[in-house]
Amino acid sequence: MGLLVVGSIALDSVETPFGSNADALGGSATFFGYAATVFHPVLAVGVVGDDFPEVELQRLAERGVDLAGVERVAGESFRWKGKYSYDLRNRETLDTRLGVFADFEPRLPDAYRDAKLVFLGNIDPALQLKVLDQVRRPDLVACDTMNYWIQSERETLMALLERIDLLMVNDAEARQLSGDWNVYRAARWILQHGPRMVIIKQGEYGAVLVDETGIFYVPAFPLEEIRDPTGAGDAFAGGFMGHLARSGDLTHANLRRAMVFGATAGSFAVERFSVERFLEIGVAEFTARARAFSDLVHFDTDGMGDHDG
Ligand code: AMP
């Protein structure tokens, strides 16, 4: 199943209580690509400037990210600078420099247009729509967004919601979009405005998948060491969509498995800065951690009694 992503391919400068980096590989399409290619090749759509390190593009390509849809143009690459609080729960964006992204007009190579799975990474919803317009008959379209677009491009975002199957956002974004502080009511609000499924990510508290059949919960993997939360959401999306692409199975039971692979990818992303952790692991480590989730939540209902006194 062809798997397409559009998103930022960035140079990030990140400061956490546990270290910092400068102009390191980042961006929504990048984190997605590193996670998804554990399972399946990815067709990437994006833009980089002429300052973007060639070695990083080569590494992406070697992993199985097709860069035919990534334009290289004169100018500065997208740059993002962020700083995290001590508990890593909050982050402040210190600087966003769009660079070549400001004039980006996505153009899909013809071979991309038959992709069956599409992930619209966090960029201007008008660009997300332009990508969607060029895909012929996708089976599943998933989409991310952020506070900036919810506030400044609400109308376009609402039009986009009508055309997607799955919205993947974090709890703060779900609250902002729906105007409801309760994430489950926020999920219901989102389901009434287009998508048939919504995933709400809650950082160290896990993530929920909500659709008409109910709610499925996956915890966050318990890690003793977290260095940099950047890209966890995009990696989650990559693990989720990569598993769906490899299996070709879009049943609800398999979407639940995809949630576990998403949580697994997110957990690897945060263990190191940038995409470093993905360079150390392969499908075996990935699958072993995914399987370990079942022990985290499994318990035997026999012997619980009915406690009816
Ligand atoms: P996440 O931690 O999942 O929200 O993703 C962080 C990544 O998103 C970083 O690598 C940034 O380069 C990228 N990013 C931050 N702000 C934006 C934006 N306005 N548009 C596109 N990508 C962004």
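Computed over heavy atoms, backbone and side chain alike; hydrogens, waters and symmetry mates excluded. Just so you know, ligand 1 is whichever comes first in the structure, and atom 1 is the first atom listed for that ligand.
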Go through the structure and list residues passing ring pair (Phe, Tyr, Trp, His ring centres under 6.0 Å) with Phe286, not counting sequence neighbours. Phe39, Phe268
Set of ring pair (Phe, Tyr, Trp, His ring centres under 6.0 Å) partners for Tyr84, sequence neighbours left out: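 For Tyr84, no residue satisfies ring pair (Phe, Tyr, Trp, His ring centres under 6.0 Å) once neighbours in sequence are set aside.
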Would you please classify the geometry between the His193 ring and the Trp189 ring as parallel, tilted or perpendicular, with 30° and 60° separating the classes? parallel
Does ligand 1 have any atom sitting under 4.0 Å from a heavy atom of [X]?
X	value
Met146	yes
Phe31	yes
Phe78	yes

Assess the side chains of Ser267 and Arg289: does a donor N or O sit below 3.5 Å from an acceptor N or O? yes
Hey, are Asp66 and Tyr112 close enough side-chain-wise for a donor-acceptor pair under 3.5 Å? yes
Can you pull out the closest protein heavy atom to atom 21 (C) of ligand 1? Residue, atom name and distance to 0.1 Å, please.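 For this ligand atom, the closest protein heavy atom is Asn122 O, 3.0 Å.
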Please list the nearest protein heavy atom to atom 16 (N) of ligand 1 with its residue and the distance rounded to 0.1 Å.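 The closest heavy atom on the protein side is Trp80 CD1, 3.7 Å.
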Taking the minimum heavy-atom distance to atom 8 (O) of ligand 1, which of Ser28, Gly46, Gly121 ranks first? Ser28
Just go through Asp12, Leu127, Leu11 and tell me whose heavy atom is the nearest to atom 12 (O) of ligand 1.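 Ranked by closest heavy atom to atom 12 (O) of ligand 1, first place is Asp12.
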By number and element, which atoms of ligand 1 are closer than 4.0 Å to a non-hydrogen atom of [X]?
X	value
Thr230	2 (O), 6 (C), 9 (C), 10 (O)
Gly26	10 (O)
Ala10	12 (O)
Gly233	3 (O)

Backbone, side chain, both or neither: what part of Arg91 comes under 4.0 angstrom of ligand 1, heavy atoms only? side chain
Pair Phe236, Ile199 - check side chain to side chain contact (heavy atoms under 4.5 Å, CB included), show working. CA-CA 10 Å; Phe236 185 105; Ile199 292 175; 4.1 Å; yes
Indicate if [X] and [Y] have the same hydrophobic cluster label, given that clusters are the connected sets of ILVMFWY residues with side-chain heavy-atom separations under 4.5 angstrom.
X	Y	result
Val47	Leu127	yes
Val169	Met158	yes
Leu140	Val131	yes
Phe32	Met146	no

Under 3.5 Å between any N/O of [X] and any N/O of ligand 1: does that happen in this structure?
X	result
Gly231	yes
Ser8	yes
Asp234	yes
Ile123	no
Thr96	no

Checking Glu54 against Arg72 for the side chain to side chain contact (heavy atoms under 4.5 Å, CB included) test, could you report, in this order, the C-alpha distance in whole Å, the side-chain angles of both residues, the deciding distance, and whether it holds? CA-CA 10 Å; Glu54 192 57 36; Arg72 284 155 235 207; 3.7 Å; yes
